[in-house]
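Here the structure is a predicted model, which means the values were calculated and not measured. The chains referred to below are lettered A, B, ... by the order of the sequence lines, with proteins before strands, and numbering in each begins at 1.
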Amino acid sequence: MSMSTERAAAPEAGGQRAPEARATGRWGSVLLQLLRTPRVVFGLAVIAVMTVMAWVGPMISPWEFGERDYANFLQPPSPEHWWGTDNTGRDVFVATMVGLQKSIIIGLLVAVLSTFVAAIVGAFAGYFLGVTDRVLMWITDLMLVLPSFLILAILYPILRNQGWMVFVGLLAAFLWMVTAKMVRGMTISLKEREYVLAARFMGVPAWKIIFRHIIPNMSSLLIVDATINVSSAIIVETSLSYFGFGVQPPDVSLGSLISVGARQAVTHPWTFLFCTGLLVLLVLAVNLIGDGLRDALDPQSKRRS
Amino acid sequence: MNYLVLVVVATTCAYLLAASALSPRVNYENQSPRPTEAAVDARLDELNLNDKTPLAERWMVWAGDVVTGDFGKTVTGSSVNDQIEVRILVSLRLIVAGVVIGATLGVAVGAYAAVKQYGWFDQASTAAAFLVLAVPAVVIAISLQVVAIWLNGLMSEAFGIPQFFVFNGERTPGLETGFLGTVWDRFKHMVLPTIALALGQFAAFSRYQRNMMLDVLGSDFVRTARAKGLTRRSALLKHALRTALIPTVTYFTFTFGVMMAGTTFTEKIYNWKGMGSWLIDSIATQDVHAVAAVSCFMAVCVMAAAFLSDILYAWLDPRVRVS
């Protein structure tokens, strides 16, 4: 019962389809518009290159991630060590690629998790209103007021032995609130639409209406927000890792590499510059895609871009 | 009322979490020579930090004191209230400078970029804002330090100027150079952290103001003002910008409040003894009462910011009335 389905135009004489019929519905036109936007193409290209680099880089490098070159501590970039070595003799290129892998995974997982939570909390609050809404929105407000850094910093040392996936869960727990409020607002208006009312009169259970009709019709908002949450997650992870509350050794992320490299940034800049440069590029690319998506999916923002 | 309840619950949650997860006892057990367990217990009882006392009981004592305005004692035995008084002023000095400079520049650049939409200035300012927004606050602060060290070396070699950019604390301890010397010293210490804060604010405000201005520029009242014979400059400044500033002022109010709660990274990296760095230090020293006090302060800041921005919006925009 999606509202975005369009009837294909009848083929013209000679069997030629009308040009507008070639677009495959709303998402097809959105995709076309995105691919015509230079900043989105740039963002997608950067992310594609970085993703390939992150996973292929360690394979083509002569050094393993855990390997140490004890003859070369803090050596500048050279044919032997493409991006130099750190203070433990580890190859900076390989470490940065592995860190990039972790940052990409953390960003994506946190974004998906937090957007999922936001969609459910916001949709249930907006659909049921009353006590459900009051309770859920009160919890949302409380989460907004609680200093997230404080809770992450206190809880993570206790849970750090359970691996970085726990860190992903903790990060996601503090990135859903603003989106949930937006979803709630949209749900309140969507629940009065004809197709939702029809489903209700047909006796479809509330949870089915929420998952089948309301959340899918907010997909544009959720996609944009998930994209923005990717960069938010990466930035928060970097900040926490800098103070030792993030990804823990032997795992590395761009944040934890920046934390180590920052102490030697003046004397041995390669330990800081490469991981920082990649982090900024990654976040910038994600933000550009998010901005392009917002323009493509939100008619209001088009004239502002 | 709802705001007050949220602050109380948030502070209580922070206290309970800190009291159950942190261990102030460690500070005493790591001393050399190591004090006896009885001595440690006595000291912790005195500070209401003894983990052998039931959590509910400790909370009752602490909450009772907080109601009278006393946030208790730190792990070292000093008053939390005294620390708050000093540290709020430190944070405030940094935030006022950073947010005001960043927001003012951001608003000016954003408004001008909107007027010159798609021009080179718009493209350049948008690119700059996007770039800054992609850099974490931690990285901005560290990068500025690296640049400052390089510039200090350059200025020292070229002009014989001693270290101009200073990035350790908010003043040089034990410096006695009279009033002007003290002001100059504080200014030198303020430059880098202020730039670090202002950059982020500039990026956010320029994007926000540009969007607000573009919304207004297409409005009927701006066209009407021009049709009535107002110059373009007058129509833009007196009508468009004034209207576009309404949401920006409320955004500024909210940002200012949130910043009071959140300059943690900048303060810590530049070693400013403000509220933000206190949060990190108090977690490191397992200081339950300090953590709870900072949490309460942060919650109050966020709630006050939300409340004030709502009121301000209703006051500035005649179309809105907050019920």
(request) I would like to know whether A:Leu171 and A:Phe167 meet side-chain contact (heavy atoms from CB on, under 4.5 Å); could you show each step before the answer? (result) CA-CA 6 Å; A:Leu171 272 185; A:Phe167 181 57; 3.8 Å; yes

(message) Among B:Ala284, B:Ala21, B:Ala306, B:Ser295, which residue has the highest count of heavy-atom pairs closer than 4.5 Å to chain A?
(response)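 Highest number of pairs under 4.5 Å: B:Ser295.
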
(message) Can you tell me which of B:Leu22, B:Val291, B:Val7 forms the most heavy-atom pairs within a distance under 4.5 Å of chain A?
(response)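 With the most close heavy-atom pairs to chain A, the winner is B:Val291.
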
(request) Of all the heavy-atom pairs spanning A:Cys275 and A:Thr96, show the shortest one and how long it is. (result)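 What the structure gives for the nearest pair is CA-CG2, 3.9 Å.
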
Contact class of [X] relative to chain A, heavy atoms under 4.5 angstrom:
X	answer
B:Ile283	side chain
B:Ile149	side chain
B:Ala18	both

(request) Pick one of side chain, backbone, both or neither for A:Ile258, based on which atoms fall under 4.5 Å of a heavy atom in chain B. (result)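 For A:Ile258, side-chain heavy atoms alone lie under 4.5 Å from chain B.
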
(message) So for A:Thr276, is it side chain, backbone, both, or neither that comes closer than 4.5 Å to the heavy atoms of chain B?
(response)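 Contact with chain B is through the side chain of A:Thr276 alone.
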
(message) The test is side-chain contact (heavy atoms from CB on, under 4.5 Å); show your working for A:Val183 and A:Trp176 and say whether it passes.
(response) CA-CA 10 Å; A:Val183 168; A:Trp176 59 269; over 6 Å; no

(message) Taking side chain to side chain contact (heavy atoms under 4.5 Å, CB included) as the criterion, tell me which of B:Met298, B:Arg87, B:Gln83 meets it with B:Met275.
(response)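 The single option meeting the side chain to side chain contact (heavy atoms under 4.5 Å, CB included) with B:Met275 is B:Arg87.
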
(request) Please answer whether the main-chain N or O of B:Lys273 pairs with a side-chain N or O of B:Trp278 as donor and acceptor at a distance below 3.5 Å. (result)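 No, because the side chain of B:Trp278 does not come within donor-acceptor range (under 3.5 Å) of the backbone of B:Lys273.
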
(message) Whether B:Asp51 and B:Arg58 form a salt bridge (side-chain N of Lys/Arg under 4.0 Å from carboxylate O of Asp/Glu) is what I want to check.
(response)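 The answer is no: the pair does not qualify as a salt bridge.
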
